[in-house]
J.: 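For reference, the structure I am asking about is given below.
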Amino acid sequence: MPYDHRNPVPRSVPAALAALVCSAALAGCGGASGAAQGSGGPAAGTTTPAPPSASASGSAPVSAPASGSGAAATAGTSGQDRPRAATAADRSLAGRTVVVDPGHNPGNFRHGREIAAKVDIGTARKECDTTGTSTNATGGRAAYTEAAFTLDVSHRLRKLLEARGAEVVLTHDADRPYGPCIDERARIGNAAEADAVVSVHADGSAAGNRGFHVIVPAKVRGGSADTGPIVAPSRALGEDIVTAFRRTTGTSPANYLGGGTGLDVRSDLGGLNLSTVPKVFVECGNMRDPKDAALLTSGVWRQKAAQGLADGIVTYLEG
């Protein structure tokens, strides 16, 4: 979940992590949009002590073999996790580039000082990155981190898009100590001249706040930020993802922001402000709500989430 200074939600930190936070001088994680904004890391199946809590189309559904990544909690690889393989006739995205940005990094927990360093987002300076949120640890079950969730969904999404012929670039693959910082994430999409960039997150709002939402850029101009050229295409991308994600996952748009539209317009996110290509953030659900958490920790549901994202991207690119 991206950090939101507008309405932070109190966080609870388990004792084990508190010690880590103190020793690493950890700066804190993302906050809320409206009620709270969420945000990502290691392969699914990786769990760590809970970090602070923060983040109808005419196109045929995209499908490909499911990711080999496992899943936490109720996850696992089932027949539902393995949709049919795409045929050559399905490769409608040949020649298109999609950047997939898994929110956060599992190593961020060990690099509090580095991720707390401020970077330029055009209109202000903001923390390099945050740790992300997690589900609550309950009944002896370890928390499932947003970092694990975002990387798992990103791997699944990459397979689906590559099956349609797209070139897919990940901003990271848990292959670096921390980050990348939010300004570097934007530069990766810009350098790739991406046709679309999707940043995968999960929210960390209060229990009872349910559903997904897509964050789209506001019109921002200042310093190195100028979102004017990408506002309209980013919103079109966001709307297509909302429609496809709702249809494919069976979940509803967030009940705590966006007025039921599934869209949230923001001007404070460096990843959007510094982008020169169409870009959105997707908060796939609220990790702090038990019902949403049950979905987010299911490998079957995460495959649906990746499918919904892929279908939305395909609809946008083929439109």
J.: Give me the one residue out of Val100, Asp101, Val280, Val214 that meets side chain to side chain contact (heavy atoms under 4.5 Å, CB included) with Val198.
T.: Val280

J.: Taking all atoms of both residues into account, what is the closest heavy-atom pair of Ser134 and Thr145, and its distance?
T.: CB-CA, 3.8 Å

J.: Mind checking whether Pro217 and Val220 have side chains closer than 4.5 Å, heavy atoms only?
T.: no

J.: Minimum heavy-atom separation for Tyr316 and Pro278, please, with both atom names.
T.: OH-CG, 3.4 Å

J.: Between Thr130 and His104, is any side-chain donor less than 3.5 angstrom from a side-chain acceptor?
T.: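 A pair is found: one side chain offers a donor N or O, the other an acceptor, under 3.5 Å apart.
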
J.: Rounded to the nearest 0.5 Å, what separation is found between the CD1 atom of Ile121 and the CG atom of Leu272?
T.: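 The distance works out to 10.0 Å.
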
J.: Ser224: what forms a side chain to side chain contact (heavy atoms under 4.5 Å, CB included) with it, not counting sequence neighbours?
T.: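 Ser224: side chain to side chain contact (heavy atoms under 4.5 Å, CB included) contacts with Asp120, Leu274.
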
J.: Is there a chain of hydrophobic side chains (I, L, V, M, F, W, Y, each step under 4.5 Å between heavy atoms) that links Val99 to Ile182?
T.: no

J.: To the nearest 0.5 Å, what is the distance between OH (Tyr256) and OG (Ser205)?
T.: 5.0 Å

J.: Evaluate the side chain to side chain contact (heavy atoms under 4.5 Å, CB included) criterion for residues Val265 and Arg235: first the C-alpha distance (whole Å), next the side-chain angles of each, then the deciding distance (0.1 Å), finally the verdict.
T.: CA-CA 9 Å; Val265 181; Arg235 188 176 185 92; 3.8 Å; yes

J.: Closer than 3.5 angstrom, by distance alone: can the side chain of Asn105 be matched with the main-chain N or O of Gly107 as a donor-acceptor pair?
T.: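 Answer holds: yes.
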
J.: Can you check whether Arg91's main-chain N or O pairs, donor with acceptor, with Arg164's side chain at less than 3.5 Å?
T.: no

J.: Measure the NE2-OG distance between His213 and Ser252 for me, rounded to the nearest 0.5 Å.
T.: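 Atom-to-atom, His213:NE2 and Ser252:OG are 14.5 Å apart.
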
J.: Got a salt bridge between Arg96 and Glu318, using NZ or NE/NH1/NH2 to carboxylate O under 4.0 Å?
T.: no

J.: How long is the span from the CZ atom in Phe149 to the NE2 atom in His201, to the nearest 0.5 Å?
T.: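 Between atom CZ of Phe149 and atom NE2 of His201 there are 11.0 Å.
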
J.: Please evaluate residues Ile230 and Ser275 with respect to the criterion side chain to side chain contact (heavy atoms under 4.5 Å, CB included), reporting the C-alpha separation (whole Å), side-chain torsions for both, the decisive distance (0.1 Å), and the verdict.
T.: CA-CA 8 Å; Ile230 70 163; Ser275 184; 4.0 Å; yes

J.: In terms of relative ring orientation, are His111 and Tyr178 parallel, tilted or perpendicular, with 30° and 60° separating the classes?
T.: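 Aromatic pair His111/Tyr178 classed tilted.
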
J.: Is it true that a side-chain atom of Thr243 and a backbone atom of Glu239 form a donor plus acceptor pair closer than 3.5 Å?
T.: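 Looks like yes, one N/O pair under 3.5 Å.
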
J.: Please determine whether side chain to side chain contact (heavy atoms under 4.5 Å, CB included) holds for the pair Glu283 and Ile215, giving the CA-CA distance in whole Å, both sets of side-chain angles, and the decisive distance to 0.1 Å.
T.: CA-CA 8 Å; Glu283 300 282 5; Ile215 303 172; 4.1 Å; yes

J.: To the closest 0.5 Å, what do you measure between NZ (Lys279) and CG (Leu269)?
T.: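 Output value for this atom pair is 9.0 Å.
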
J.: Taking the side chain as everything from C-beta on, heavy atoms only, tell me whether Arg221 gets closer than 4.5 Å to Thr227.
T.: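 With C-beta onward as the side chain, the pair stays apart.
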
J.: Does Asp311 reach the main-chain N or O of Ala244 with its side chain, forming a donor-acceptor pair under 3.5 Å?
T.: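 No, the answer is negative, given that no donor and acceptor are paired below the 3.5 Å cut-off.
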
J.: Which distance, rounded to the nearest 0.5 Å, do you find between the CG of Asn209 and the CG of Leu257?
T.: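 Those atoms lie 8.0 Å apart.
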
J.: Do Val242 and Leu317 belong together in a cluster built from hydrophobic side chains that touch within less than 4.5 Å?
T.: yes

J.: Do Val314 and Val168 share a hydrophobic cluster, counting only Ile, Leu, Val, Met, Phe, Trp and Tyr and linking them when any side-chain heavy atoms are less than 4.5 Å apart?
T.: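 Per the 4.5 Å side-chain linkage, Val314 and Val168 are co-clustered.
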
J.: Between the main-chain N or O of Gly258 and the side-chain N or O of Thr261, is there a donor-acceptor pair closer than 3.5 Å?
T.: yes

J.: Mind running side chain to side chain contact (heavy atoms under 4.5 Å, CB included) on Val216 and Leu237 for me, showing each step along the way?
T.: CA-CA 9 Å; Val216 298; Leu237 172 61; over 6 Å; no

J.: What is the minimum heavy-atom distance between Pro180 and Ile188, and which atoms define it?
T.: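 For Pro180 versus Ile188, the nearest heavy atoms are CG-CD1, 4.4 Å.
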
J.: Tell me, do Thr251 and Trp301 make a side-chain contact under 4.5 Å, heavy atoms counted?
T.: yes

J.: Hey, are the side chains of Lys118 and Cys128 touching, using non-hydrogen atoms and a 4.5 Å cut-off?
T.: no

J.: Pairing donors with acceptors under 3.5 angstrom, does anything connect the side chains of His155 and Asp173?
T.: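 Side chains of His155 and Asp173: pair found under 3.5 Å.
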
J.: Under a 3.5 Å cutoff, is there a donor and acceptor pairing between the side chains of Asn108 and Asp129?
T.: yes

J.: Do Arg158 and Glu167 pass the salt bridge (Lys or Arg N to Asp or Glu O under 4.0 Å) test, and can you show the C-alpha distance, the side-chain angles, and the key distance before you say yes or no?
T.: CA-CA 9 Å; Arg158 176 173 62 184; Glu167 176 184 355; over 6 Å; no

J.: Is there a donor-acceptor pair under 3.5 Å between the side chain of Asn273 and the backbone N or O of Ser267?
T.: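 Answer holds: yes.
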
J.: Using a distance-only test with no angle check, is there a side-chain donor-acceptor pair under 3.5 angstrom linking Asn190 and Thr276?
T.: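 Yes - a donor-acceptor pair under 3.5 Å links their side chains.
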
J.: According to a hydrophobic-cluster definition based on side-chain heavy atoms being under 4.5 Å apart (Ile, Leu, Val, Met, Phe, Trp, Tyr only), do Leu263 and Phe212 belong together?
T.: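 The answer is yes; both residues are in one hydrophobic cluster.
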
J.: Can you name the nearest heavy-atom pair linking Thr135 to Ala143, along with the distance?
T.: O-CB, 3.1 Å

J.: Do Arg185 side-chain atoms and Pro102 backbone N/O form a donor-acceptor pair below 3.5 Å?
T.: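 Checked: pair present.
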
J.: Taking side chain as C-beta onward, heavy atoms only, is Phe245 less than 4.5 Å from Cys284?
T.: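 A side-chain contact under 4.5 Å exists here.
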
J.: Is a side-chain donor or acceptor of Thr133 paired with a backbone partner of Gly204 at a separation under 3.5 angstrom?
T.: no

J.: Output yes when Asp183 and Lys126 qualify as a salt bridge under the 4.0 Å nitrogen-oxygen rule, no when they do not.
T.: no

J.: Consider only side-chain heavy atoms of I, L, V, M, F, W and Y, link residues closer than 4.5 Å, and tell whether Val197 and Ile313 are in one cluster.
T.: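 No, separate clusters.
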
J.: Locate the shortest heavy-atom distance separating Arg302 from Asp152; write the atom from each residue and the value.
T.: NE-OD2, 2.5 Å

J.: Charged N to carboxylate O under 4.0 angstrom, Asp289 versus Lys291?
T.: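 Here Asp289 does not pair with Lys291 in a salt bridge, since their nearest N and O are not under 4.0 Å apart.
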
J.: Please determine if Asp203 and Arg288 form a salt bridge, counting it only when a charged side-chain N lies under 4.0 Å from a carboxylate O.
T.: no

J.: Taking all atoms of both residues into account, what is the closest heavy-atom pair of Leu151 and His172, and its distance?
T.: CD1-O, 4.1 Å

